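Worth saying up front: this structure is predicted, and the values here are computed from it rather than measured.
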Amino acid sequence: MSISLKFPDGAERSYDDGVTPLAVAEGISKSLAKKVVAAKIDGAWWDLTRPLEGGGKFELVMRDSADGLEVLRHDAAHVLAQAVQELFPGTQVTFGPVTEDGFYYDFARDEPFSTDDFERIEKRMKEIVDADLPIIRKVWEKEAAIAHFKSIGEIYKAETIDEVIKPGDAITVYSHGDKWGDLCRGPHLPSTGKLGKAFKLMKLAGAYWRGDQNNQQLQRIYGTAWADEKQLEEYLKRLEEAEKRDHRKLGRQMDLFHMQEEGRGMVFWHEKGLMLWRTIEAYMRRRLDAAGYVEVRTPQVLDRVFWEKSGHWDKYRPNMFVCETVEGETLSLKPMNCPGHVQIFKFGQKSYRDLPLRMAEFGACHRYEPSGSLHGLMRVRAFTQDDAHIFCREDQIEEETTRFIKLAASIHADFGMASDKIALATRPEVRAGSDEFWDKAEAQMLNAARAAGVEPVIAEGDGAFYAPKLDFSVKDAIGREWTIGTIQLDYVLPDRLDAEYVGEDGAKHRPVMLHRAILGSLERFIGILIENVAGAFPMWLAPVQVVVATITQEADAYAQQAADEMRAAGLRVQLDLRNEKVGYKIREHSLAKTPVIAVVGRKEAEERKLALRRFGSDAQDVVGLDAAVAALVAEATPPDLKRM
RNA sequence: GCCGCCAUAGCUCAGCUGGUAGAGCACCUGAUUUGUAAUCAGGGGGUCACAGGUUCGAGUCCUGUUGGCGGCACCA
């Protein structure tokens with residue numbers, strides 16, 4: 001018997017039945033066989049040393065490919081688990097998957113690990129690699145596997161098998177020689193030696209069993225693993241570079257904002273940070289005006305009774321900042337703007353002719369977020385949403401959603417920030433409404449997205465309890481994802497708060513609400529923005545767009561005049577008349593990432609010129625003052641105004 | 001909130017096994033009037049996060065609190 005393998009280059013060759021992928025690779029070339037870590041047959045993973053059971057599309061997976069790294073990291077996780085169990089007897093293994101840049105493994109152990117243990121664990125891992133233990137795949141009966149893991153005290157493993165595997169089905173166990181074994185889907189390397197030593201343990205964290213807060217907390221060890229030392233070093237360097245972009249660090253260095261103990265999760269915006277804010281807010285107002293929104297403002301603090309009506313008192317109370325007055329009233333700062341907007345909608349009578357009504361507010365909300373979730377500007381307790389609620393008829397939902405997605409995409413693009421991910425968050429387990437309702441609502445969101453040319457990924461079960469939503473997220477400097485834009489369907493609140501409009505038929509109808517935000521919150525958005533541009537803001541956003549720096553006091557009067565003219569033309573200018581050398585001033589303003597430094601010496605003063613130096617370049621551009629001002633004004637024009 | 005780590009001058013950090021706090025930058029003063037990424041000299045500044053404890057003696061060891069960081073959970 002022979003089998004036929006189709007290679008990616010189109011070639012087709014036949015082999016003896018039972019040939020291993022490794023043998024196939026060796027037949028092609030020795031050096032290839034060295035770099036191969038696994039195989040795929042018709043897209044399904046296959047271990048190198050496992051005899052093929054049939055022909056098909058055949059692919060060798062190389063150690064430095066994305067797939068290959070996944071195999072290496074999976075093995076690294078197993079080697080980590082073995083090392084930990086050898087060094088810390090009594091530790092139970094639970095679960096150890098691959099992540100974007102590495103892997104982790106969750107352990108159950110009463111004594112906490114410490115990062116001081118990492119050195120020992122890594123050393124043992126390297127010993128396991130040196131021992132080059134063969135990695136053996138075994139197929140077990142489910143019940144036998146459960147009995148086995150129970151007998152060696154691996155309660156979590158037994159539980160996993162019991163719940164994940166169907167009765168009667170077989171499972172695969174991979175073992176390192178006769179020393180250590182773990183339930184695993186595979187594939188794995190032929191032996192531990194193939195892993196290499198380009199791995200490193202990174203951090204230690206608590207993690208709940210099965211991601212559920214009510215379960216026992218396990219200890220998670222994170223690591224990274226790469227095809228070779230060079231890749232590992234590059235990765236570590238990348239992390240270091242990313243740290244320099246951290247908005248918390250840049251926020252302090254660039255004097256944008258600060259936070260302090262007495263106001264956890266609250267931002268003190270300094271003048272430069274607020275200038276960013278104002279610029280963004282002004283831009284957003286223009287875009288919203290143009291897109292047919294109206295802007296409103298609703299109260300910051302409202303009576304408890306109000307929040308009871310809206311349902312927040314019931315569902316959201318733990319997150320609300322509540323206060324009592326001397327006269328005995330109970331009030332709460334608003335955690336959301338929506339109920340307030342419904343009040344404006346309800347004021348007077350609305351007709352179907354008023355719909356869709358797009359009501360926007362730069363709404364300052366307060367939420368008591370769990371202390372452990374606070375994170376710089378990304379997660380705060382007082383934040384301003386670029387919030388809006390679109391009141392519309394059911395048949396307008398898709399059209400409005402499509403319009404919103406297009407607007408959001410255009411705005412994100414103006415900030416140089418395409419979303420990394422658009423997710424459709426679908427029905428959660430605990431939900432209101434019938435399956436019919438959810439089928440329809442999810443289809444509406446999906447259709448609307450597609451009509452806008454967007455294919456969302458599905459975030460199973462992430463929807464609000466009353467409706468699905470689309471989330472637009474972007475990554476920060478070190479790869480954490482944050483939701484910025486969002487659009488969320490809502491049939492419940494208009495009902496609760498009794499919003500209605502008069503339809504064509506003269507009868508009263510319930511409007512639907514679309515909650516939506518494009519930037520999410522100004523705070524988070526600015527945080528992301530800082531990290532995206534590494535503090536070097538484009539001209540239109542830079543808090544200080546131009547610094548006029550003198551070389552000698554003789555140029556002071558002219559520098560002052562040049563700065564005045566720029567300011568009059570609408571530029572944000574700073575004047576540096578200090579008694580310092582130009583080199584010193586250039587260095588300082590370059591480090592501050594100022595887009596343009598206009599240097600003025602005796603020569604420029606005499607000729608009424610400016611020597612312009614742009615961020616990121618050391619070229620000097622000597623231009624007449626009027627021409628320079630005109631050019632800078634053009635450069636500083638916000639993208640939406642540039643298009644007009 | 002939970003788990004681990006951390007906390008020294010405005011910032012970045014040094015301070016070995018306990019012996020009474022130091023650097024660079026920043027800041028202030030003076031000199032220098034300077035041509036594209038740091039001019040020189042002098043000076044001020046710290047209840048070593050806070051509260052207890054051990055000790056003849058604590059920045060250093062122990063306990064607690066607060067806050068920060070990294071995850072988990074929760075979320076714009």
Between B:C69 and B:A49 - C1' atom distance, rounded Å: 15 Å
Base of B:A73 and ring of A:Y208 stacked, centres under 5.5 Å, planes under 30°: no
Short N-O contact, A:K123 and A:E119, less than 4.0 angstrom: no
Nearest-neighbour nucleotide for the A:S373 side chain, B:U33, B:A73, B:A76 considered: B:A73
Salt bridge flag under 4.0 Å for residues A:R210 and A:D212: no
Candidate nucleotides B:A73, B:A76, B:U36, ranked by approach to the side chain of A:V582 - the nearest: B:U36
Nucleotide of B:G4, B:G35, B:G71 approaching A:Y222 most closely (side-chain heavy atoms): B:G71
Rounded P spacing from B:U63 to B:C5 in Å: 11 Å
Separation between the C1' atoms of B:G59 and B:A9, rounded to whole Å: 14 Å
Given B:G1, B:G35, B:U39, the nucleotide with the shortest approach to the side chain of A:Q213: B:G1
Sugar-phosphate, base or nothing in reach of A:R367, heavy atoms under 4.0 Å: base
Shortest side-chain distance from A:S590, nucleotide among B:U36, B:G70, B:A37: B:A37
Euclidean distance for P, B:G71 against B:G30 (whole angstrom): 49 Å
C1' spacing across the pair B:C50 / B:A58, given as an integer number of angstrom: 16 Å
Inter-nucleotide C1' distance (B:C28, B:C3), Å rounded: 47 Å
Interatomic spacing from OG1 in A:T279 to CE in A:M284 - rounded to 0.5 Å: 13.5 Å
A:E607/A:K609 ion pair, N-O < 4.0 Å: yes
Sugar-phosphate only, base, or nothing, as touched by A:K581 at under 4.0 Å among non-hydrogen atoms: base
Minimum-distance nucleotide to A:R379 side chain [options: B:G1, B:A37, B:A76]: B:A76
Bracket notation of RNA chain B in which parentheses pair within the strand, [ ] cross earlier pairs, and | pairs with another strand (Watson-Crick or G-U, under 3.5 Å): (((((((..((((.....[..)))).(((((.......))))).....(((((..]....))))))))))))....
Sugar-phosphate, base or nothing in reach of A:Y104, heavy atoms under 4.0 Å: nothing
B:C13 versus B:G1 - spacing of their P atoms, nearest Å: 26 Å
Separation between the C1' atoms of B:G10 and B:G46, rounded to whole Å: 12 Å
Footprint string (nucleotides 41-51 of chain B, 5' to 3'): B base within contact, S backbone only, - free, heavy atoms under 4.0 Å: -----------
A:P370, nearest nucleotide to its side chain (from B:C74, B:U36, B:G71): B:C74
Sugar-phosphate, base or nothing in reach of A:K469, heavy atoms under 4.0 Å: sugar-phosphate
Touch class at under 4.0 angstrom, heavy-atom based, for A:E580 against every strand present: base
Sugar-phosphate, base or nothing in reach of A:R252, heavy atoms under 4.0 Å: sugar-phosphate
From B:A76, B:G35, B:G71, nucleotide with atom closest to A:T483 side chain: B:A76
Selected nucleotide, minimal atom distance to A:I586 side chain, candidates B:G70, B:U36, B:A73: B:U36
Presence of A:S371 side-chain N/O under 4.0 Å of B:G1 phosphate oxygens OP1/OP2: yes
Residue A:Y584, side-chain atoms from C-beta onward, closest of B:U39, B:A76, B:G70: B:U39
Sugar-phosphate only, base, or nothing, as touched by A:R480 at under 4.0 Å among non-hydrogen atoms: sugar-phosphate
N or O in side chain of A:R613 less than 4.0 angstrom from B:A37 OP1/OP2: yes
